[in-house]
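Only one structure is covered here, and it is reproduced in the block below.
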Amino acid sequence: MRKTLPFLIASALLASSAAYAKNPLFEDVFTADPAAMVDGDTVYLYTGHDEAPNNNVFFEMHDWLAFSTKDMKTWTKHGPILKAIDFKWATGQAWAAHMIKRNDKYYFFVTVRHDDTHPGFAIGVAVADSPLGPFKDAIGHALVTDDMTKQTPNDWDDIDPAVFIDDDGQAYMFFGNLVAKYVKLKENMIELDGDIKVVDLPNYTEASWVHKKGDNYYYSYACEFPEKICYAMSKNINGPWEYKGILNEIAGNSETNHQSIIDFKGQGYFIYHTGAVPPRDGQESGGRFRRSVAVDKLHYNEDGTIKRIIMTTEGIQ
């Protein structure tokens, strides 16, 4: 039977999608606020889960999803690993989270809305013996509540936790909205160790992420609104931080932006979200409340600064 042109085009598209990753990574589920963790030969990717029916409502997020890969191209889906209501003191809003490993345990720091005993958004921590769970509330109460910080009048200024363990073993948690904050964690990872401090960063909005390469510390964050990703550098985890500019521009069709930066097998990667999923099967497209995670390579200049991120539809090839 003679092959038609549409058949040949479709076959080529299928072959292409099998050979390479593409952005967004997943189109059958809406994902946001990526947090990636390298564990041995595997990258684990944790995301929020957008479930808003359209882009004219507000964020609807109830649980966190997990994915894994060994090559940054082929991803395994592991489904939900934790729900906001698994924290008995929290209501059902599951915002940005961060995973980190210490002493063979996996600590999942999450943003949830607290019940009326401590109104406002709070940070909790869950723990498991595996990067895929099962997870349980590690302390039975919030680690940070809105009444512990007074820098802004809003009740969502303690969000987007990002945990970093320095070379000397000291752990820090960075977080905030409109005002960047950080605090030391005790070695058990479930207690604060000292006062919450403010970080001086220009145009800070949210989405803190701290990483280190060589002797340079990098603090990346969502800046302004609609959000871009900016970054600063320092030789000391406690600062001062020197502002270096924009890392990537507004991510298409989304007013928010949220990044995760990792180094895997000698290559840097920049993971973020967009609103780029097209409409199909009668469903509304991606957008401000229906976001999707993407990944592109990250490169450094000789002086340690980071080259501007090039967002692609091809993804990692």
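Just so you know, these numbers come straight off a predicted model, no measurement behind them. Start at 1 with the first residue, then count along the sequence.
Annotation: side chain of D160 is not in contact with side chain of D33 (no heavy-atom distance under 4.5 Å). Side-chain contact between I123 and V112: absent, with no pair of heavy atoms (C-beta onward) separated by less than 4.5 Å. Two residues are said to be in side-chain contact when any heavy atoms from C-beta on lie closer than 4.5 Å; F289 and N54 fail this criterion. With contacts defined as side-chain heavy-atom distances shorter than 4.5 Å, the pair Y46/L65 does not qualify. Contact check for I262 versus V43: side-chain heavy atoms found under the 4.5 Å cut-off. Contact annotation: the side chain of T69 never approaches that of T42 to less than 4.5 Å [non-hydrogen atoms, C-beta and beyond]. Looking at heavy atoms from C-beta onward, M99 lies in side-chain contact with I81 at the 4.5 angstrom threshold. Between M189 and V163, some side-chain heavy-atom pair lies under the 4.5 Å cut-off.
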Would you tabulate the side-chain donor-acceptor contacts of residues 206-214 under 3.5 Å, counting partners in other chains and residues two or more places apart, or write 'none'?
from, atom 1, to, atom 2, distance (Å)
E206, OE1, N177, ND2, 3.2
S208, OG, Y204, OH, 2.8
S208, OG, Y219, OH, 2.7
W209, NE1, I261, O, 3.1
H211, NE2, Y300, OH, 3.0
K212, NZ, D167, OD2, 2.6
K212, NZ, Y217, OH, 3.4

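Enclosure of atom CG in D303 by more than 12 non-hydrogen atoms of other residues, nucleotides or ligands within 6.0 angstrom is indicated. Heavy atoms from other residues, nucleotides or ligands lying under 6.0 Å from CG of D39 number more than 12. Other residues, nucleotides and ligands place more than 12 heavy atoms under 6.0 Å from the CD atom of Q267. I310 CD1: 12 or fewer foreign heavy atoms inside a 6.0 Å radius. Dense packing is recorded around CG of L192, with more than 12 heavy atoms of other residues, nucleotides or ligands lying under 6.0 Å away.
When every heavy atom of P34 is checked against every heavy atom of S260, the shortest pair comes out as O-CB, 3.4 Å. Taking all atoms of both residues into account, the shortest heavy-atom contact from A126 to F87 is CB-CZ, 3.9 Å. In plain terms, the two heavy atoms of D137 and V125 that are nearest each other are OD1-O, 3.6 Å. Heavy atoms only, all atoms of each residue included: G275 and N253 are closest at O-ND2, 3.0 Å. Summarising the geometry of A84 relative to A90, their closest heavy-atom pair is O-CB, 3.8 Å, with the distance given to 0.1 Å. Here the shortest heavy-atom pairing between P161 and M173 reads CB-SD, 4.0 Å.
Proximity of a side-chain donor or acceptor of D71 to a complementary backbone N or O of T74 within less than 3.5 Å is detected. When atom types are taken as modelled, the side chain of D281 and the backbone of Q283 share no donor-acceptor pair closer than 3.5 angstrom. When atom types are taken as modelled, the side chain of S234 and the backbone of I237 share no donor-acceptor pair closer than 3.5 angstrom. Side chain of N23 to main chain of A294: no donor-acceptor pair is present (N/O by atom type, distance under 3.5 Å, no hydrogens or angles). With hydrogens and angles ignored, the 3.5 Å screen pairs no side-chain donor or acceptor of R308 with any backbone N or O of E249. Checking side-chain atoms of N236 against main-chain N and O of N238 turns up a donor-acceptor pair under 3.5 Å. In terms of modelled atom types and a separation under 3.5 Å, the side chain of S292 and the main chain of T274 share no donor-acceptor contact. When atom types are taken as modelled, the side chain of T111 and the backbone of A96 share a donor-acceptor pair closer than 3.5 angstrom. A donor-acceptor pair under 3.5 Å links the side-chain atoms of N55 to the main chain of S285, judged by distance alone.
A salt bridge is defined here as a Lys NZ or Arg NE, NH1 or NH2 lying under 4.0 Å from an Asp or Glu carboxylate O, and D50 with R291 meets this definition. Salt bridge R290/E51: absent, no basic N to carboxylate O contact under 4.0 Å. Under a 4.0 Å N-O distance rule, the pair K235/D215 qualifies as a salt bridge. No salt bridge links K265 with D41; every basic N to acidic carboxylate O contact stays at or beyond 4.0 Å. Checked for salt-bridge contact, D158 and K181 meet the test: a charged N lies under 4.0 Å from a carboxylate O. Residues K136 and D86 are not paired through a salt bridge, judged by the lack of any N-O separation under 4.0 Å between the basic side chain and the carboxylate. Between R288 and E255 there is a salt bridge, since a side-chain N of the basic residue sits under 4.0 Å from a carboxylate O of the acidic one.
Under the 4.5 Å side-chain heavy-atom criterion for Ile, Leu, Val, Met, Phe, Trp and Tyr, Y172 and V110 are members of distinct hydrophobic clusters. The hydrophobic cluster containing V144 also contains I190, counting ILVMFWY residues as joined when their side-chain heavy atoms lie under 4.5 angstrom apart, directly or transitively. Both I165 and L143 belong to a single network of hydrophobic side chains, linked directly or stepwise wherever heavy atoms of I, L, V, M, F, W or Y lie under 4.5 Å apart. A continuous path of Ile, Leu, Val, Met, Phe, Trp and Tyr side chains, each step under 4.5 Å between heavy atoms, connects F174 with Y243, placing both in one hydrophobic cluster.
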**OP:** Would you please test N248 and N257 for side-chain contact (heavy atoms from CB on, under 4.5 Å) and show each step?
**Re:** CA-CA 9 Å; N248 83 316; N257 207 332; 3.6 Å; yes
Original post:
Step by step, would you call K77 with D28 a salt bridge (charged side-chain N to carboxylate O under 4.0 Å, His left out)?
Top reply: CA-CA 11 Å; K77 301 175 183 179; D28 60 333; 2.8 Å; yes
Original post:
Could you walk me through whether T256 and H273 pass the side chain to side chain donor-acceptor pair (under 3.5 Å) check?
Top reply: CA-CA 8 Å; T256 62; H273 68 228; 3.0 Å; yes
**OP:** Apply ring pair (Phe, Tyr, Trp, His ring centres under 6.0 Å) to F108 and Y106, showing your working.
**Re:** CA-CA 7 Å; F108 198 43; Y106 297 84; over 10 Å; no
Original post:
Stepwise, does the side-chain contact (heavy atoms from CB on, under 4.5 Å) test hold for I306 with L247?
Top reply: CA-CA 7 Å; I306 304 176; L247 261 186; 3.4 Å; yes
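Atom CG of D147 is separated from atom CG of D155 by 11.0 Å, given to the nearest 0.5 angstrom. Here the CG-NE2 distance, from D115 to H118, works out to 8.0 Å after rounding to the nearest 0.5 Å.
Ring geometry for W95 against F59 counts as perpendicular: the plane angle is over 60°, on a 0 to 90° scale with 30° as the lower cut.
The ring of Y182 has its center no closer than 6.0 angstrom to the ring center of F175. Checked against the 6.0 Å centroid threshold, Y44 and F67 do not count as a close aromatic pair. Remark: aromatic rings of H49 and W64 are distant, center separation not under 6.0 Å.
When each of H114, R113, M61 is tested with Q93 by the rule side chain to side chain contact (heavy atoms under 4.5 Å, CB included), just one qualifies, namely R113.
Side-chain N/O atoms of H78 and S68 include a donor and acceptor closer than 3.5 Å. Checked by atom type, the side-chain pair Y221/N203 shows no donor-acceptor distance below 3.5 Å. Counting only N and O atoms by type, the side chains of E227 and T205 include no donor and acceptor under 3.5 Å apart.
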